[in-house]
Every structure is written in structure tokens, then in C-alpha cells.
Amino acid sequence: MSDEIKILAIESSCDETAAAVVVNGREVRSNIISSQIALHTLYGGVVPEIASRKHIEKINQVIRQALLEADTSLDEIDAIGVTYGPGLVGALLVGVAEAKAISYARNIPLVGVHHIEGHISANYIENRELEPPFLCLVVSGGHTHLVRVLDYGRYEILGKTRDDAAGEAFDKVARAIGLGYPGGPKIEKVSHEGNPHAVEFPRAKIADGPYDFSFSGLKSAVLNYLNQCQMKGIPIVQADIAASFQKAVTDVLIGNAMKAIDEFGADKFAIAGGVASNATLREGMREACRKRGVEFYYPSPVFCTDNAAMIGVAAYYDFINGKRDGLDLNAVPNLKLGER
Ligand code: KG4
Ligand code: ZN
């Protein structure tokens, strides 16, 4: 008998249809992602109904390809891991229904995975030595969470956003300055040409939540600035606004993360989620961690944005800890981290 535990993972919580095969929680044998970005770009953001339909069209072929690339078959799969929340309910349901169908038909154990737990677990793929406990900042299109990873599957949320997520702010500001969707990578690209000190946008501090975030005021400040320029006939320099906005977001993310590192005496810190692929954020975090002698971890960009490999990693640790789900597993659009 093989001592390998092979997980087939499925992710469909937003606009990527993804499947992966992960062995023993750290080795990614395949990672297939069918992105719908081009489709949603037409509408300036993700259209939930279109996302669900596209997932249905793509999911079987993505799973088939993941098994093929991993040179395996369902006969060799020990468990199926699937994202069951949080996310868009119709999109999540496609992955959950698919996973349940395979589980039932082939009698393979089923493990429901929390999407944020997946993002955090992406750090285990390329950092084989990383183990809990550590601190992690999850920054994506839907989430901004500062989390203490106490153990595999055990989390304490220190802070989160009170309004927009960091990635959402990137997307909204990009739209306002005419860059289009998805905003994060586009803002990062034009920022290279801009001056991050051109406009002093606000850095929000939350009085009763030292680790909480707020980005809606920053977004409004950008919109006000644009209006003022228009009224006064001042030319709008897209690159300067993008660079100044990016600096404001990263300053706040770095500030809160370092406060938590100092407070909890953490010696390991990781970032995760789509915004974690931002080079300004990575460099800022790396420098701040270096000054404190804290080990800094981050996934490659392909493991930052939504993918199924990260779900396979999280599912592996849940699986070896005995977690199993039944055919009553349902999509939970607002699932909280740490809830079962
Ligand atoms: O993790 P993800 O793929 O999906 C969610 O779970 O939300 O994150 C997508 C978000 C989008 O808001 C996108 O604009 C942002 O991540 N993003 C970035 C970058 N790449 C993606 N934000 C800043 N800089 C980037 N390079
Ligand atoms: Zn995500």
C-alpha cells in the first residue's frame, strides 16, 4: 500500500474554476485554473449568475485535466477537498455538488474546506519548513483578515476589515481612474510609473480595533480627489494616483501586521490571498520583518490568487485530523473562519 495521501481538490467560490491533485499536503502534482476574468471584464466585475454557469461548463474538464496532469485517476484518490464557503452561493454550489457526486459514486471521503483556510495554507506549498504557530495576513478581493494560526485548522482572528476588502478597494479605485477590471494587477503595473507621495491619501485607524481595517474612506478620498481635479481643471495623473493609493493601502496593512507581530511576539509571519502577489506589499513586509528578525513567508503569485492546490493542502490537514463531511455538505456563502 502507498504511504501517499492523495487529495483531489476543487475550488469554485468566485470566478476561477479550479482543480488540483496534492500529495501529503505539500506536494502539488497538478494545479488547473480556468479563469473567467476575460468574461467578467466586459461588465467591470464578477457577475454571479455568469460565474455559476461558466463553472458548470468547465468543472468536469478541469477535474479531468488535473487528474491527467498528475498522472493519476479517481481510483488512487484518498479524499476530495472542496471549498464550501465563503463565496458566491451559486458558484460554490457547483463545486460542492460535483465533489459530493464523485464522493458518492466512487465512495471517496469528502472534506469541506474554508476558502480563507485555503489561502493561508497556500504558504505550506513552497515553504516546506513552515509550520504553525505563525501570524498571517489574508488579503483578497473578499477578505482582509489578520489571523493567528495556532495549529493546523485552529485560528484566532485578530482583526478584519470593517467595510471593503483590500482587493475590493484596488478594484474600485482602478475602475474610478479608468483602469478596468481586475484592478489589483493593473494598479500595480501603472504604479511603477507614478510617484507614491504625489497625493497624501488617508491611512484609517480604528480606535476600538487596533488590528481592524477600513478602506472605504480611502476609496472615497480617491473619488473626492478626482472630482476636485475635474472641477479645478487639474490634469489627472493616473500613475501618481495609483501609486499613492497603493502606498496608502500597503502602509496600513504593514502597520497593523507589525503591531500584531510586536504584541504577540510572533517569529513567523505570512501573507496570503490575491493582494499578497503585490510586489510593493511584499517588499514592504519583507523589510519590516527583516528589521524585527521575523521570518517572512509568501506564496508564488499563482498560489496567491484563487486556486485549488491551496484547498488540497488545507483538506489534507483536515483529513489527517479526522474531519469528514457527509452528502449533506452545503455551500455556506458567509462561512466564518473557525466554524464547522
Ligand atoms: O484571492 P483572490 O483571487 O480572490 C478572492 O478570494 O477574493 O483575490 C482577488 C483580488 C482582486 O481584488 C484583485 O484585484 C487582487 O486580488 N489582486 C491584487 C493583485 N493581484 C490580484 N491586488 C493588488 N496587487 C496585485 N498584484
Ligand atoms: Zn480567494
Side-chain angles (χ1 to χ4, degrees), residues 9-18 20 31 33-37 40-41 44-46 48 51 82-88 91-92 95 113-123 136-145 147 160-161 164-177 179-192 194 196 213 215 218-219 242-243 245-254 270-285 298-311 313-314 333-335 337:
I10 300 172
E11 154 65 41
S12 70
S13 66
C14 191
D15 60 345
E16 330 277 358
T17 320
N31 186 32
I33 304 167
S34 170
S35 174
Q36 305 177 2
I37 284 181
H40 297 288
T41 299
V46 178
V82 64
T83 307
Y84 73 109
L88 302 169
L92 287 164
V113 175
H114 192 292
H115 184 75
I116 296 183
E117 182 167 9
H119 274 302
I120 295 170
S121 304
N123 278 288
C136 187
L137 175 74
V138 186
V139 268
S140 72
H143 316 281
T144 307
H145 279 48
V147 181
K160 54 185 170 185
T161 182
D164 292 350
E168 196 179 350
F170 269 94
D171 293 336
K172 287 178 175 171
V173 166
R175 199 177 310 151
I177 61 175
L179 285 172
Y181 175 85
K186 294 194 170 165
I187 287 196
E188 172 162 22
K189 191 154 177 257
V190 311
S191 291
H192 292 307
F213 304 91
F215 294 110
L218 173 57
K219 174 197 66 193
F245 161 80
Q246 181 175 266
K247 180 85 171 73
V249 174
T250 50
D251 278 356
V252 170
L253 294 174
I254 295 167
I271 53 173
V275 184
S277 57
N278 184 283
T280 303
L281 179 67
R282 286 171 184 250
E283 286 318 309
M285 290 291 193
Y298 52 90
S300 289
V302 68
F303 297 124
C304 285
T305 43
D306 286 350
N307 66 88
M310 66 184 197
I311 302 303
V313 176
N334 56 359
L335 185 69
L337 189 65

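As the structure lists them, so they are numbered: ligands from 1, and atoms in each ligand from 1.
- Residue-to-ligand polar distances keep H143 apart from ligand 1: every N/O pair is separated by 3.5 Å or more.
- Just one of L337, V138, D306, L335 meets the side-chain contact (heavy atoms from CB on, under 4.5 Å) condition when paired with H115; it is D306.
- Note on ring orientation: taking the six-membered ring where Trp is involved, the planes of H145 and H143 are perpendicular (angle over 60°, cut-offs 30° and 60°).
- Within the 4.0 Å heavy-atom shell around ligand 1 one does not find S13.
- S34 and Q36 share no donor-acceptor pair across their side chains, judged by distance under 3.5 Å alone.
- Among the backbone and side-chain atoms of H115, an N/O/S atom is found under 2.8 Å from the Zn ion (ligand 2).
- Considering backbone and side-chain atoms alike, H119 places an N or O below 3.5 Å from some N or O of ligand 1.
- Each of the atoms 6 (O) of ligand 1 lies under 4.0 Å from some heavy atom of H115.
- The backbone N or O of A279 lies less than 3.5 Å from a partner atom in the side chain of E188, making a donor-acceptor pair.
- Residue H119: an N/O/S atom is found under 2.8 Å from the Zn ion (ligand 2).
- C14 does not count as a contact of ligand 1, since none of its heavy atoms falls under 4.0 Å from the ligand.
- Atoms of ligand 1 lying under 4.0 Å from at least one heavy atom of S277, given by number and element, are 19 (C), 20 (N), 25 (C), 26 (N).
- Residue P182 places no N or O, backbone or side chain, under 3.5 Å from any N or O of ligand 1.
- Ligand 1 has no nitrogen or oxygen under 3.5 angstrom from a nitrogen or oxygen of G273.
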